[in-house]
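Working notes for the structure below.
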Amino acid sequence: MIPRQLEKTYDPKQVEERWYRFWTERGYFHASVDHPGEPYSIVIPPPNVTGSLHIGHALNNSLQDMLIRWRRMQGRNALWMPGMDHAGIATQNVVERQLIAEGSSREALGREAFIARIWEWKAKSGGTILQQLKRLGASCDWDRLRFTMDEGLSKAVREVFVRLYEEGLIYRGERLINWCPFCLTALSDIEVEHEETKGKLYHIKYPLADDPSRFLTVATTRPETMLGDTAVAVHPDDPRYRDLIGRNVRLPLTSREIPIVGDPILVDREFGTGAVKITPAHDFNDFEAGERHHLPRLKILDPHARLDPTGLQTAAVEQPIIDEVQLLPVAMARPKIEHALQSRGLLVAVEDHKMAVGKCYRSKTVVEPYLSPQWFVKIQPLADPAIRAVEDGRVRLIPEGWTNNYLGWMREIKDWCISRQIWWGHQIPAWYCRSCQSEAILPAADGSKSFTITSAAKPIVSRTAPTHCPDCGTHDFIRDPDVLDTWFSSALWPFSTLGWPDQTPEYKTFYPTSTLVTGLDILFFWVARMIMMGLKFTGDVPFRDVYIHALVRDAEGQKMSKSKGNVIDPLSVMDQYGTDALRFTLASMASPGRDIKLTEERIEGYRNFANKIWNAARFILMNLEDSHENAPPQEPAFADRWMLSRLNRAISEVNAALQRYRFDQAAEALYQFIWHEYCDWYLELIKPALQDRQSLTASHTRRMLVESFETILRLLHPFMPFLSEEIWQALPLKTRFEDSLMIQPYPRSRPEWEDKEIEAAFDILTRFTTTVRAGRSLLNYPPGKQLSLYGDSKNRDTSE
RNA sequence: GGGCGGAUAGCUCAGCCGGGAGAGCGCUGCCCUUACAAGGCAGAGGUCACAGGUUCGAUCCCUGUUCCGCCUACCA
């Protein structure tokens, strides 16, 4: 049976799929609640159902798999919980685009049929990423695969929503929110990406109502919104304007007069002209100022961010102006307004101005502040415990440098807008009685079947559809059409996937989870909210450690994106260099505090490393005898003792590094030891001893070779699972071990292997011995002190 | 505007508690030495961004400057 004939170069294609199937068929990935080991659990950051594997996923999931495989080999009851996210807007957009290509639309289909269509799509082409994760070697417990729209998870969502509502931590109200005019839905603050943009600052003269010869000049970046102004603010202590407070200005282009108010919060005397227009319905600051001064809110934009004719009428805009700008998108209306002001001599100046423009993180459309009835989570009562949990170390952020970021953000956190005006997602469990709330339920302006539920409507929030109205007893309801922010269900992920709200054995065993591995980009979207929800509903933190890894960038340090054409596709990397090479590369580059600039050369280098190991295996297999080795134990030779001492050091370093999430250091230690110590020196040094195959020395050396190499393979396995398994299976160890490397014990450091004297002697020798060949004669001396290397099986490093 | 991180060999980066300047790739020279040319051996290559300070001694600690990147923010 041995030596086995192996090819000169390692060919991952021959290997990977075979072993992955082997592992799954034997159920090695399955974590049982009955397992005697101490639980170790990780929930996967659920990839979008629309997603396909990009390099960031590859990094994120490789690291998780390393942790899981390491812990599993240590004897822990290791669960890696896999799943997918329904990804509300992203998924809806995908299917909607298909419909449009077919000449249809979601409106034409209607809500139910549209949702059915998405499920259909999901069944057919959703979740390709899961197959790709398998190629990566991910040892997830696939039996437990969850989806955020599962019945179980939906139940958790309803439970949380209803309980928060009943406690007054969820409310509905008309507020100014971030609105995407393309997606036609509300967004939360963190779904808006700010981008520095060159804009203009327009200085506009507003004539005083009682003295048209005098003007107040305001500065604005958005002149078109002036049509919705309901006041002008100045600083109450500003001597230039103090006397004007309380008087009115005539708002140009309209027939309205609006008051001049004093507002020290809104107005910075130094900026612009020291006078600010107030447009409460279309600007966040102005909204708040409007509340302070009890100003009306005039909404002049429609949901598409076009000038709304009805709104303009209400705002008493002059008819010729209405005719000119109605139904124009804001960007097109702006020059018209600018021109109108200019022709009346009211435009004093236009200067360049830098500003941050908010864009939708999905569609990249410019986001509008928009007044509409929405649902909110009152966040402060949830944030406080989440702040404390990090402050007192119950949740540890790694690297800890992010802790301050987290705390800073959490202390400034604002209420979370959780309603979205889309169809795909968890529909809000709120109903309205048609008979007693009829005044608050308005038919939609566009004449469609839909309707608008004003903020005055009184919702009935319930886990299931209500049977009768508690107020009037009738049973004619409409359900709130909104769905929840995708991140609402994600926030429950660590416990909803384990069966909560039921007290399942899985929940009791694996919650709180041990480690969360995530990128910085979703620290606030996701991590912070999981901590808040976890503490609120389970009374415990959702995870102990949060390992935050870097972003993967291209060789120029640019964020990878399809539009830039600079993506490194992990799938083609795996095709070309093998999964193990990719995994090892990502591990080696995962040093904290720096983004990863991935280059193909680096991957190639670790492909070579895999090949090096492969050839070391060939060398060992070529030297083995067909018969079993039955030589009596003998003390190891000088070279053996040196190698064992170094191996022991590598074992310590790898374990310590993994313990601290220093994947880069673990990879470095493995690389150094295996290549430059084990291969470059040890394998060379023992060659003479192997020459006389019949000799006792050769027999002992062979045994030492197999033993040490087997340990190396176990040490390597979390990083290069496929290669290590392939080689391990070829080694003649079956009589002693079970059938897969991945359930073998992970090496632990063995103090009796440490031998500082030998190491020092070796260092001195190699300083004067420039070639391996010369070193050989010196180092292959007979053994010095006795070492019980083989011992009996009890002494193996199998014990926990 | 506030905060964080980075600047070390041609390139990509590592350097944990202050004392040796390192790795991979690339480059040069010699080797198909019976595991591996995706390899071996030998080598060249650095004012550790800049300016001060602390110290017997600074890539490392402190201050400031410059340049990059990221996060965050309502200056109209």
Side-chain angles (χ1 to χ4, degrees), chain A residues 3 6-10 176 189-190 193-194 199 201-204 218-223 225 232-233 265-279 283-289 353-356 358 369 399 401-409 412 414 520-521 523-524 550-551 553 555-559 577 581 585 588-589 591-623 653 656-657 660 662 664-665 667-668 671-672 675-676 679-680 683-684 687 690-691 770-774:
Chain A
L6 296 178
E7 298 297 321
K8 268 175 95 164
T9 50
Y10 172 55
L176 206 55
D189 294 343
I190 54 180
E193 293 173 348
H194 292 277
L201 191 61
Y202 301 82
H203 296 254
I204 305 167
V218 302
T220 180
T221 55
R222 304 194 55 191
T225 62
V232 175
I265 299 170
L266 183 67
V267 181
D268 172 0
R269 277 183 279 180
E270 310 299 318
F271 186 87
T273 59
V276 189
K277 63 196 265 310
I278 300 183
T279 322
D283 182 278
F284 287 102
N285 291 318
D286 295 6
F287 179 83
E288 286 170 20
H353 183 69
K354 265 192 304 189
M355 53 187 196
W402 299 117
T403 307
N404 281 337
N405 265 38
Y406 169 89
L407 292 174
W409 187 78
E412 300 285 311
K414 294 191 191 112
L520 181 67
D521 47 338
L523 184 62
F524 301 136
L551 230 59
R553 299 172 176 282
E556 273 73 51
Q558 301 282 309
K559 203 165 176 171
Y577 300 103
T585 307
S588 75
M589 304 196 76
S591 54
R594 196 193 277 249
D595 284 341
I596 299 175
K597 289 187 204 164
L598 190 63
T599 59
E600 210 157 313
E601 290 76 33
R602 188 81 181 240
I603 304 168
E604 197 179 328
Y606 290 116
R607 187 270 318 264
N608 295 351
F609 178 51
N611 196 48
K612 186 79 179 175
I613 297 166
W614 177 254
N615 278 292
R618 285 180 65 224
F619 172 73
I620 290 165
L621 288 168
M622 281 170 57
N623 276 289
E653 283 177 7
R660 290 178 294 136
R662 287 301 301 267
D664 57 323
Q665 291 179 346
E668 178 67 16
Y671 188 91
Q672 275 306 321
W675 196 315
H676 297 303
C679 291
D680 284 356
L683 293 187
E684 294 300 325
K687 278 178 181 172
L690 292 168
Q691 266 169 2
T770 49
T771 69
V772 166
R773 232 182 265 256

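Numbered from 1 within each chain, the chains take letters A, B, ... in sequence-line order. Because the structure is predicted, anything quoted here is derived from the model rather than measured. Just so it is clear, the values below take in all heavy atoms, side chains as well, and ignore hydrogens, waters and symmetry mates.
Checked against B:G24, B:A38, B:A76, the side chain of A:T9 finds its nearest nucleotide in B:A38. Of the candidates B:A76, B:G15, B:G40, B:A76 carries the atom nearest the A:V267 side chain, counting heavy atoms from C-beta on. Residue A:N611 places its side chain closer to B:A38 than to any other of B:A38, B:A76, B:A23. When distances run from any side-chain atom of A:Q665 to the nucleotides B:G15, B:A35, B:C74, the shortest one goes to B:G15. Proximity note for A:T220 (side chain, C-beta onward) versus B:C36, B:A76, B:A14: the nearest is B:A76. Relative to the side chain of A:M622, the nucleotides B:C74, B:A35, B:C71 differ in distance, and B:A35 lies closest. Of the candidate nucleotides B:A76, B:A35, B:U12, B:A35 has the atom nearest to the side chain of A:F619.
Within 4.0 Å of A:G274, counting heavy atoms only, lies at least one base atom of the nucleic acid. Within 4.0 Å (heavy atoms only), A:V218 reaches no atom of the nucleic acid at all. A:H203 comes within 4.0 angstrom of nothing in the nucleic acid, heavy atoms only. Residue-level contact check: A:R662 touches the backbone only, with heavy atoms under 4.0 Å from sugar-phosphate atoms and none from bases. When heavy atoms are screened at a 4.0 angstrom cut-off, A:L266 is found touching base atoms of the nucleic acid. When heavy atoms are screened at a 4.0 angstrom cut-off, A:D268 is found touching base atoms of the nucleic acid.
OP1 or OP2 of B:A37 lies within a sub-4.0 Å distance of a side-chain N or O belonging to A:K8. Remark: A:H194 is not in phosphate contact with B:C71, judged by side-chain N or O atoms under 4.0 Å from OP1 or OP2. Between A:K612 and B:C36 there is no side-chain polar atom (N or O) within less than 4.0 angstrom of OP1 or OP2. Phosphate proximity of B:C74 to A:K414: present, with a side-chain N or O under 4.0 Å from OP1 or OP2.
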Report all interatomic pairs (protein N or O, nucleotide N or O of nucleotides 25-27 of chain B) with separations under 3.5 Å.
none

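Residue side chain A:E684 reaches the base of B:A35 through a donor-acceptor N/O pair under 3.5 Å, judged by distance alone.
Pairs of Watson-Crick or G-U wobble type, with distances under 3.5 Å, assemble into runs of 3 or more in RNA chain B at these ranges: B:1-7 with B:66-72, B:10-13 with B:22-25, B:27-31 with B:39-43, B:49-53 with B:61-65.
Panel note: side chain A:N615, backbone A:R618; no donor-acceptor pair is recorded below 3.5 Å. In terms of modelled atom types and a separation under 3.5 Å, the side chain of A:N611 and the main chain of A:R607 share no donor-acceptor contact.
Among residues two or more places apart in sequence or in another chain, the ring-ring contact (aromatic ring centres under 6.0 Å, His included) test is passed with A:Y10 by A:W614.
Annotation: cation-pi geometry satisfied between A:K687 and A:F619 (NZ/CZ under 6.0 angstrom from ring centroid, within 45° of ring axis).
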